[in-house]
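Note that the structure is a prediction, hence the values are computed from the model and not measured.
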Amino acid sequence: LTAFAGGYPAGAKSAEALFSEGVISRKEGERLCNIAFCAGPGFAIGMIGAGLYNEKSLGLLILTAQVISCIIIGIAYNVSGFRDNHSVSRSAIRPVQQIGKADAFVCAVSDSAESMLHMCGFIVLFRVLSSLLDAAGINDLLGRMTGWIGLGAVGMDILPCVSEVTAGSILSVKYGVPFTSFLVGFGGLSVHFQNFAICREIRPRKLVYLTTRIAQGTLCALITSLSLRLPFFSEFSLPTSRTMISGIPTAFSQGTAGFGCALLVMCLMSVICLPRRSGAEGE
């Protein structure tokens, strides 16, 4: 639920927090990190739907496809035997020192700032790498290679799309909604390295994690493609030339009252809930 509401790094952050407190085992943390992966409603509905396709219902469709794909992946992990039968004992749970509301507020801001630095750092890194590859002619070379096999110049956009999800989503519009849904479900290498940085103690296996991300992206594209066959989405099934964001007309855009209220509610939740969680020491 945290991943569905908070966006990509939120699920990994929750898994790392539970493991660091001894509430779950390392294998449970790895499984949770692999399953709890979803773009937030603001990104899916606001940027993708309203900003790129000028239709919020398409963003809601992509968000729903992600939620369904996460549930399917969770069921697949369960039936495949990727489970940890070792239950964490109460004695293994590390007590958390009770802190006041002022200290809780400071901790909440500090943790948020650390997560923000992880996000911004890897976004900048992969945008720079993408620009270097483009300047070196790698993207043009890939475009010519895909042109030779009859796929057009799609190769020029492959590396930028898989590197960083925001820039990749903008480029993906020319290829249609299912391809955008795949990229949002896959997440991009920048998001993956953000999760790896957050889950340093869990140390998820990279191959299993990336395989899960490819499977999730494929499921999102399949669900979206099938949904677009419904009469309600028939008029939005074709690619659009709207490739630049002129504005994001959504209730949760920056500078709106909804955006400010959402931030205020999250701050209040952090201040109120952290002392309660730390008070579980005596239970």
If the plane angle is over 60° it's perpendicular, under 30° parallel, otherwise tilted; pick one for Phe193 and Phe196. perpendicular
*Fit a plane to each ring of Tyr175 and Phe179, take the angle between them on a 0 to 90° scale, and name the class: parallel (under 30°), tilted (30 to 60°) or perpendicular (over 60°).*
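Taking Phe179 first and then Tyr175, their aromatic rings stand perpendicular (interplane angle over 60°).
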side-chain hydrogen bond (donor to acceptor under 3.5 Å, both in side chains) pairs touching residues 184-194, sequence neighbours excluded, are Ser190-Gln194, His192-Tyr209
With side-chain hydrogen bond (donor to acceptor under 3.5 Å, both in side chains) as the rule and sequence neighbours excluded, what pairs involving residues 8-19 come up?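 Residue pairs with at least one partner in residues 8-19: there are none.
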Partners of [X] by side-chain contact (heavy atoms from CB on, under 4.5 Å), sequence neighbours excluded?
| X | answer |
| --- | --- |
| Ala44 | Leu63, Gln66 |
| Leu222 | Leu226 |
| Thr64 | Leu60, Ile68 |
| Asp134 | Asn139 |

Contacts of Phe4 meeting ring pair (Phe, Tyr, Trp, His ring centres under 6.0 Å) (sequence neighbours excluded), chain-then-number -> none
Got a sec, which residues hit ring pair (Phe, Tyr, Trp, His ring centres under 6.0 Å) with Phe43, two or more places apart in sequence or on another chain?
->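 Checked Phe43 against ring pair (Phe, Tyr, Trp, His ring centres under 6.0 Å); zero matches.
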With sequence neighbours excluded, tell me which residues meet side chain to side chain donor-acceptor pair (under 3.5 Å) with [X].
| X | result |
| --- | --- |
| Gln216 | Arg213 |
| Ser69 | none |
| Thr180 | Tyr53, Ser172 |
| Ser163 | none |

Review point. Above 12 or not: heavy atoms from other molecules or residues under 6.0 Å from CG of Leu132?
Key: yes
Residue pair Phe19, Leu32: steps toward the side-chain contact (heavy atoms from CB on, under 4.5 Å) verdict: CA-CA 10 Å; Phe19 173 72; Leu32 183 59; over 6 Å; no
query = Does any N or O in the side chain of Ser181 come within less than 3.5 Å of the main-chain N or O of Ile62, such that one atom is a donor and the other an acceptor?
reply =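 The answer is no, because no donor-acceptor pair under 3.5 Å joins these two groups.
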